[in-house]
Structure formats: structure tokens, C-alpha cells
There are 2 protein chains.
Amino acid sequence: MTGPSFGSQFELHQLRCFVAAAEELHFGRAAARMNMTQPPLSRQIQLLEHVLGVKLLDRTSRTVKLTPAGRVFLLEARRILRLTESAALATRRIATGEAGTITLGFTAASGYSFLPRLLLQRASAAPNIHVALKEMVSAEQIESLLTGRIDVGLLRPPIARSEFTTLKVASEGLVAALPVGDGRLAQASLSLADFDDAPLVMYAPEGARYFHDMLDGLFKAARVTPRVVQSLSQIHSMLALVRAGIGAAVVPEAAMSLHFDDVHFRPVVTDPPHPVELYAAWRADNDNPALGAFLGLLHPEGGDAAAASDEMPD
Amino acid sequence: MTGPSFGSQFELHQLRCFVAAAEELHFGRAAARMNMTQPPLSRQIQLLEHVLGVKLLDRTSRTVKLTPAGRVFLLEARRILRLTESAALATRRIATGEAGTITLGFTAASGYSFLPRLLLQRASAAPNIHVALKEMVSAEQIESLLTGRIDVGLLRPPIARSEFTTLKVASEGLVAALPVGDGRLAQASLSLADFDDAPLVMYAPEGARYFHDMLDGLFKAARVTPRVVQSLSQIHSMLALVRAGIGAAVVPEAAMSLHFDDVHFRPVVTDPPHPVELYAAWRADNDNPALGAFLGLLHPEGGDAAAASDEMPD
DNA sequence: CACGCCCATCCAAAAACCGCATCGGTCCAT
DNA sequence: ATGGACCGATGCGGTTTTTGGATGGGCGTG
């Protein structure tokens, strides 16, 4: 008693049948193109028409023509089928790592010089890899790497997590940031001793542990004791204080790109000469297929970064 | 030995299953939403993954997560599904005549006044009906109606074809086009006798049969014989000759919208007072669903057109 | 008027799909 | 540490759907 059960939605197979029939205007040839015989093709088109509630093809035993609605639906069907193919293609490209998105965490300081260089000069080697940037301090990056909020972090050591793989991507020297009028500007370069008992805008141990500990260690090893007048965590804030004449600051070379008026820079001789290190870190079990292509961008070749290393000093 | 036979293309049902699973991140709930049980849903998603050659969902026995490729494919799948719905909707709207395209033939003269009024004032009543315009003379329109190149024609009688339905949509009077300096401009209105033995730019019998025969008949009935100095088929060409002072012309009122410098118009009293008739014609068996809505625009209500008529004078 | 072409329909066989029962793995509470 | 709850995958039998061959019927052609 119940008639044939029409699904409430059409299927792509029906669309393909319809497009073939609409283009051939001949059920036999259309069926051949679809690698099937004519009766099932007729049936599929009938099904499609029933689902839509619309006659798409006007067929006599002699001719097949598109109805006005069929003309419109033909365009729509072609668009849908094109979209399915491009969707499959795009998805496969993501899966193979040819294209994709990498979410990258970075510290403010690495954003001054290393990151722009990376994006401008290297990213062209992988034009289909989109890099989504998130600025956060190193500790946040480690947390975000664990939760998967970022794929890769650009951060400062120590990175004491066994589930991470790390790569040293850059190391740089320190420079003194001095206000105009500071006598030490007469020297071409400074030594740590030049900061003994002099006012210094220092890194805060909480928000900038890495720089704080590194400078602290360097001064102690050189038996130098600067007068710490302020402790901040953001380089640009420190330079603002320097500009106000509150004291000097010791910052990574990359900070020179900040260009504060009335603040000048002089290299600071240290041992080792490039104590400021930047590492990339990512979870070894990160399954983002674009990761490989992105890491390829990081590998230094003739750049100013030191040799790669999978071992991390603690 | 041979494994299960995967189709080479995915189906919309698999897309719907995947979207449900990706949104619920839970196969059981997704299956419930799809009105089926969990095992077939698992299979559909496996099938989809095999067809794409891409893992879309990372599933342990405890959690379900999207892979990066799955995230991309989810967006694409949603887009495809949205498109299928809008395609069905648009097609149904075409089929019911709520929307659609009418290809309309029109004569040059009807384009001066009647057609702009129709499109500007009436078309807003059927905003989803698109009117594609094709200018052609009446004979061409009849031919195009038969071959289906146009759905409706705006043309001059006679329309002696049994397969057409016709409707008088406008009738108008005649005006004299006179060059500056013509003595007859002193009169507020002219009679046909004012053209006796005067130079007249006439319609050509080939290209403008309707106007030629009508004027010819009017003059003969009034026993008036103008001096025909030129015969043209395009009104704007005739007015250009009038402007050059070659003679007067008798044209439909609508031609006054042409605004030639140094050409002025005066009404011409005729019997009947509105001898210039414009008809709409269409094939009775035209299956364009938008036809009904378009014809609704044509029906005069308080307009200047005469009453509708299915009978056509010959 | 007979023939050929072409789409629709009928029917049996094949394929696909679904639901049930169940397995194996993980997490959680005890 | 262990038992139970939860969850997705898998095996299997029954049902629905689809397919292809044969056939029917309408229409144009010679």
C-alpha cells in the first residue's frame, strides 16, 4: 500500500546523474557516461525530481529538454559537485601537510626581529602554510603547548619537559640601552664592569625569569653589582624608563629595532658572546600535518642562528 | 580477498553523519541526532575517511577529536550542505513561479515609454522575477516566440497565430513631429488634413509595416495625400530628418520622450483617437513558471491601457 | 504503415545499509 | 588494585535499495 519511500534529501549520486543527463540530453548516453545502464539513471532522476518536488527534465520518447527550474538546478548542481571536489582536494592537502595552519606562540622579544624575518623571508618557501600568531610569555607557551592551543612555541629556556622536542633557532648578544647624556655612550662597546654601582633598569624575576636570571648570573660571575632602580618585564617599558633618564638597561640586540628617541645602544661584551637564546618547541606527538613543512622553515641555513640542537641546557 | 568496495566519491549522507559526529564529538549522540544507531554511523564515517584517504576524527574509546584535516573538512561539509538546501529552495521557487526569468521581446517604440514604466513601477510587485530584454521588430518577435527564444513579446498587431495568447497592454495617439519654423506649430493640435500635399517623413512598409499601414489607412480614409519625401523604419532616424527640415513626421506619443532639439510635437486628431496599439503575446503552451507572475505585472489597473482582450483585430 | 529510436516500467539478482549483539579499550569510583 | 560504566569498532543476519536485462509504448521517419 505504501508507495516508494523517497528520502527527504537528494544524494550526490543523483546530482551526478542529473548533470550527465542535462548535458547529454539523452538518457542512454548519460547512463554510459555514468558507467551504468539507462533504467537506473531514469530512476535516479525521477527520485531527484520527487525529492525536490520539481520536474527538471521535459522528456518525450523523442527528445529531452531542461525545464526552467532544471536550468537553474543544473547550475546549482554543478556548483555543488565542484565544491565537493575542491573540498576533497583541500582536505587531502591539509592531511599531507602541503597546506595548513600552524598556531605559533612567541615572546614579545622574539617578535621584534626573529619572527618578522621568519615570516617575510622564509614563509615564501611554504606559501600554503598559514601561521596564526599568539603572543605569550614562555611559561604560557608551555602551558599552551600541552593543551594544544599552539602547535609551536618560540620561547626562552629552560624547557624541561620530556614531551617536547626543541630546536635552538637563534642566539644573540646583549646591548646596553643608554639615555642621551650618559657618559658611557662615548665608548664603542661596554663591559659588564661598566654597570657596577650604576643605576640599572632590570628585568623582573616573575614576568621575565629568563632575562632576569641570565643577567643576574652574568653580573655575579663578573663580580659586578649594579644598582637596580626598577624591575620590569616588558622591554618597551624598560626603554621608556631609560629614556626618562632613570637608568641604563641591558637588553637583547633585537630590542634595537624599537627605536626610542633619546635612547642609544652600545654592544655589551659578555661570555659567552651570544647568551640570549631562542628555542622553538613543539610536542613530539603533535599530529598537525603542516608541522613538518613549518619546521622546515625554522632550520637555519646560513642565517645568524647557531647550530641546531635537540639537547636543551637546563 | 578483495576488501569492501568503496565508492570513489562520498555521498551527502556521509557528510551529514560527519557533521553530526564532529559537532557532538560523540558517536552515540550523533547517531541519535541522525535517527539511527551508532554502528552504521561509525561505518559511514569510516567510508568517508576511506574515500578521502584522510583521517577526519581522532577517536579513542574515550574521546573524539577533530584532526586538522577534519576541521577543514567540517567547514567544507557545512558549506556543501547549506548549498544543497539553498539549491533545492531556489529550484522550488523557480518551479512555483515565485522567482525566475522572463525573456521579453520589445519593439523600439515600446521601449521609449511603456517598457520603462513597466519595469520601474510594476516590477517591484514581483521582485524575484528577472526580465531579460531583447529588442526586435514585431516579425522577429513572432519568430522568437515560436522557437522559444523569448517568453513574451511586446509587439504590434496583427498577430495571426492560433498558438499565441495576446493582451492589449497600451494604446496611444499620434503626434506630429515638426521642425522649428514650421507654420503648423502655431496650432495647438493638428488634423490629418494639415499634412495634405506637405512633405512627410514616412514609415517604411518593410521595416515598420504596422505604422506604415496604419498611417496609410488613416490618410486614405481622410482623403489626404501627403508628399512622402523619405521612408524609414526607425523613429529616431525619422526625427533626425525632421530636425534637418526635410519634412514633418507622424509618430506615436511615446516618441515625445526622445527630445530632439529643434523638433516640437503637436497632437494629431484621429479617429479612433488612440490608434497605436501595443500587445503582449506569448505561447499558450509556454511552461515557464514565472510567466504567470510576469503577466500579473502587465494587467492594467487604473493605467492608461485599454481593457484586456483575448481577441485580436486583424 | 512499418521501422527505429528512446524513455518508462517490471522483475529478479546483487549490493548496500541498518540494527542487534558483542568486543576491546579507557576512565573512574570504590 | 579492581570492578563497573562508557564508548567506539566489528561480526552478522535481515531488510531496504539499487542495479541491469527484458519489455512496453509513444513518437518521428522513411
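Within every chain, numbering begins at 1; the chains are lettered A, B, ... in the order of the sequence lines, protein sequences first and strands thereafter.
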Mind running salt bridge (Lys or Arg N to Asp or Glu O under 4.0 Å) on B/Arg33 and B/Glu24 for me, showing each step along the way? CA-CA 9 Å; B/Arg33 200 212 278 188; B/Glu24 299 284 350; 3.2 Å; yes
Point-to-point distance, once rounded to the nearest 0.5 Å, from CD1 of A/Ile159 to OG of A/Ser138: 7.5 Å
Between A/Phe73 and B/Ile94, is there a side-chain heavy-atom distance shorter than 4.5 Å? no
Could you tell me how far apart B/Arg59 (CZ) and D/dA9 (P) are, to the nearest whole angstrom? 4 Å
Here the distance between atom P of D/dC7 and atom CD of B/Glu24, to the nearest Å, is 12 Å
Heavy-atom nearest nucleotide on DNA chain D taken for B/Phe27 and for A/Gln14; more 5' hit belongs to B/Phe27
Grab the NZ-P distance between A/Lys55 and C/dC7 for me, whole Å please. 14 Å
Tell me: CZ of B/Arg29 to C1' of D/dG8, nearest whole Å? 13 Å
So which atom in B/Arg16 and which in A/Gln9 form the shortest heavy-atom distance, rounded to 0.1 Å? NH2-CB, 3.4 Å
What's the CG-P distance between B/Leu47 and D/dA9, to the nearest Å? 13 Å
Report the distance from atom CG of B/Leu12 to atom P of C/dA16, rounded to the nearest whole Å. 18 Å
Output the distance between atom CE (B/Met36) and atom CZ (B/Arg43), rounded to the nearest 0.5 Å. 11.5 Å
Check: residues 79-90 of chain A side-chain donor-acceptor pairs under 3.5 Å, at least two apart:
residue, atom, partner, partner atom, Å
A/Thr84, OG1, A/Leu81, O, 2.6
A/Ser86, OG, A/Leu83, O, 3.1

Can you tell me how far C1' of C/dC17 sits from CD of B/Glu11, to the nearest Å? 13 Å
Contact pattern, 5' to 3', of nucleotides 19-29 of chain D - B, S or - by protein heavy atom under 4.0 Å: SBBB---BSS-
Interatomic distance where CD belongs to A/Gln46 and C1' belongs to D/dT17 [whole Å]: 15 Å
